[in-house]
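Inspection log for the structure reproduced underneath, given as C-alpha cells.
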Number of protein chains: 2
Amino acid sequence: MEQRLDIHNSDTPKTCLACEVRLRGICATLSSSQLLELSKHTRQTKHQAGEELISDGEKVNSYATIIYGVVKLSKILEDGRQQVVGLQFAPDFLGRLFAEQNSFCAESASDVQICRMPKKAIEKIITNNPDLEHILLEQTLKELDEAREWIVTLGRKSALEKVACFLHLIATHLDPEHVQQNQCEIIFDLPLTRADIADFLGLTIETVSRQFTKLRTERVIEITARRHIIVPNLSVLKKTCG
Amino acid sequence: MEQRLDIHNSDTPKTCLACEVRLRGICATLSSSQLLELSKHTRQTKHQAGEELISDGEKVNSYATIIYGVVKLSKILEDGRQQVVGLQFAPDFLGRLFAEQNSFCAESASDVQICRMPKKAIEKIITNNPDLEHILLEQTLKELDEAREWIVTLGRKSALEKVACFLHLIATHLDPEHVQQNQCEIIFDLPLTRADIADFLGLTIETVSRQFTKLRTERVIEITARRHIIVPNLSVLKKTCG
DNA sequence: CGAAGACTTGACTTGAGTCAAAATTAGTGG
DNA sequence: CCACTAATTTTGACTCAAGTCAAGTCTTCG
C-alpha cells in the first residue's frame, strides 16, 4: 500500500492534493508521475441533482471518479418504464470500462462532484499498471455482488422488505460525514426522491410512500421531514429486510 | 492474441489438448508453462443436474471453468424463498475471485462438466499474468452488464415479458451444438426445470406455466415436449420481451 | 404397470398498481 | 415575511396481475 508520504511530494498536482477521495479511489494506485500525467487531462465538475452525467447509447469518451454525492445508473424502456440498476457513492469509479457505448444512463441523484478523465488516458495507464487493473477488478466484483444482492431483493421480497432494504443500503453506504450516529441511532437525509426510490425498487411512488408510513407506524424509522430519516436501531431495520 | 500453434506443442497437457473450451476460457491466456503448472492441480468432474457445486457461506478453496452445461447461481433466504441470481454457460469462470467466503450457491442446472483449480494456484498466476487478470475483468464486466439487464427485467417487466426474456436469453446463450437453427427457426431443450425458471424470474411455477401456455397460443413459441422449445422467429420473441 | 415427479389448469385471494384527491413542502416574487 | 404557485408526497377507493391452494394430466423410470 502506498503511504501518505506523497502528500508532501511536490510532484503531486494541487487539485489532487485537495481531493477528498485521493487516497481511496483509483488514484490511490497511481504513481506520482502517472498522477501528474493523468491530472493534465482531468476536469472536476459539480452537478445539481437530476443532471445526466452519461446517457444511454452514447459513445464512451470519458470515465470519472465520484468525489462526493450519489449517482444513479438507470435504464429506460421504450414505453417509458424506468429501472434504476445501481447506485454509486464516492469514491466509486463511474463508467463501463472498455465499452464503445454506454448501455445505461448515469444521473446525479443528489448534488455531486465528479472528476472526469479521458477514456484513452485511463486505458493507457491500465496497460502499464496492473495495480490499477486489480483495483478496478475488485470494484467490479463488489458491484457484481451488490447487483446480485439486489436481484434477490427485486425478485423475492415484498414491498415493505424492499423499502427496508433500500433504507438499510443508504444508511450503510452514505458518506460518514452525511450520517449522524448517536450510539446505535442513525440519522441521514435520503439522497433520492420517492420517484427514484420507486424506480430503484421496481415499485410505484404510491406503494413506496405507503411502506414508509407503515415503517413509521411500526416504529422501525422516524420521518422528521420528507427526506430526513432517523433509524433508532439498525438491527431492527435489518430484520425487516427479510 | 495467442495462436493455435501450441496445439502441437508437446508441453501442453493431454487433458487440456482435449478440452473443448481450451481456447475460449481463461486458459487461452496462459503460456504453455503456466498451463502445465496449473494442470498439475486441476481436476475435471462431471455432475448430474441438481448437484451443488459451491455452497453459500462455504470457504472458497477452488475456482472452476465450465466445460459444458449450465450452472445456476442462487441465494436462499432463511424462510426458504429462493432466487436465482445468474446463469453461467461454458466457458465461464466459476467462483467469486479473491473472496474468503462464497456469498451465493452454485448448482448444476443441466448435466455439466467443470474443471476445478485451486484458489491459490490461480491467484498466484494472476499476479504474474496481467492478461489473465484482464480477461477476468472483462468477464466480470460482462456479468455485471447481464446482472443489470436482469434487474430491469425483474423490476419492471410483466410475467409474460419475463418468460419471453428468459427464453430469449437461453436461445442466445446455449452452446451452438445444443441449438438447432433452420433459417430463422431456433430449436433447443430448456436446461432448467419450471421451478428453476420461476426462481430465476421471481415468479411461481404456476405463473411460469401459464405464460408458457400463453406464448404458445400466441404462436411465439411451440412446445413439442415439456422442455423442447421451437422459436419460429427470434425477432417476434424479442418483441415480446418488452 | 404403478408410483413419483414434473407440469398444467382452474377457482379464488391478495398485494401492489391505478386513478383521483388531499396534504405537505419548497420556491418565488411582492 | 407572507401569500401564491408548483412540485412532491400522502392517503383513499377501486382494479387487476400474480400468488395460493387444489386437482388433474402427463412423463419417466423402476
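Chain identifiers are assigned alphabetically (A, B, ...) following the order of the sequence lines, protein sequences preceding nucleic acid strands; residue numbering begins at 1 within each chain. In this text, all values refer to a predicted model and were calculated from it rather than measured experimentally.
Of the candidates B/Gln211, B/Lys214, B/Arg210, B/Val163 forms a side-chain contact (heavy atoms from CB on, under 4.5 Å) with just one, namely B/Gln211.
In summary, A/Lys75 and A/Asp56 engage in a salt bridge, as defined by a charged side-chain N under 4.0 Å from a carboxylate O. We find that B/Lys46 and B/Asp111 are not joined by a salt bridge, their nearest charged nitrogen and carboxylate oxygen being 4.0 Å or further apart.
Residue contacts for B/Thr193: at a heavy-atom cut-off of 4.0 Å it reaches the sugar-phosphate backbone alone, with no base atom in range.
Using modelled atom types, no side-chain atom of B/Thr140 and backbone atom of A/Leu141 make a donor-acceptor pair closer than 3.5 Å.
B/Thr42 and B/Ser39 share no donor-acceptor pair across their side chains, judged by distance under 3.5 Å alone. A donor atom on one side chain and an acceptor atom on the other are not found under 3.5 Å apart for B/Glu51 and B/Ser108. Of the N and O atoms on the side chains of A/Gln101 and A/Glu58, not one donor lies less than 3.5 Å from an acceptor on the other residue. Looking only at atom types and distance, the side chain of A/Glu206 has no donor-acceptor partner in the side chain of A/Ser209 under 3.5 Å away.
Regarding A/Asp189, its CG atom lies at a distance of 14 Å from the C1' atom of C/dT25, rounded to whole Å. A/Ile197 has its CD1 atom 13 Å from the P atom of D/dT8, to the nearest Å. In this structure, B/Arg194 places its CZ atom 18 Å from C1' of D/dA18, rounding to the nearest Å. Atom CD1 in B/Ile221 sits roughly 14 Å away from atom P in C/dC7 (whole-Å rounding). When the C1' atom of D/dT11 is taken as reference, atom CZ of A/Arg216 falls 11 Å away, rounded to whole Å. As rounded to whole Å, 14 Å separates atom P of D/dT27 from atom NE2 of B/His228. In this structure, A/Lys214 atom NZ and D/dT10 atom P are separated by 16 Å, rounded to whole Å. When the P atom of D/dA18 is taken as reference, atom CD1 of B/Ile205 falls 17 Å away, rounded to whole Å.
Taking side-chain N and O atoms only, A/Arg226 has no distance below 4.0 Å to OP1 or OP2 of C/dT24. Side-chain nitrogen and oxygen atoms of B/Arg227 include at least one within less than 4.0 Å of the OP1 or OP2 phosphate oxygen of C/dC7.
Expressed to the nearest 0.5 Å, how far CD1 of A/Ile67 lies from CD of A/Glu20 amounts to 8.0 Å.
Between its opening and closing five pairs, the helix from C/dC1-D/dG30 to C/dG30-D/dC1 changes axis direction by 40°, a value rounded to 10 degrees.
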Base versus backbone protein contacts along nucleotides 12-19 of chain C [heavy-atom cut-off under 4.0 Å; B, S, -]:
----SSBB
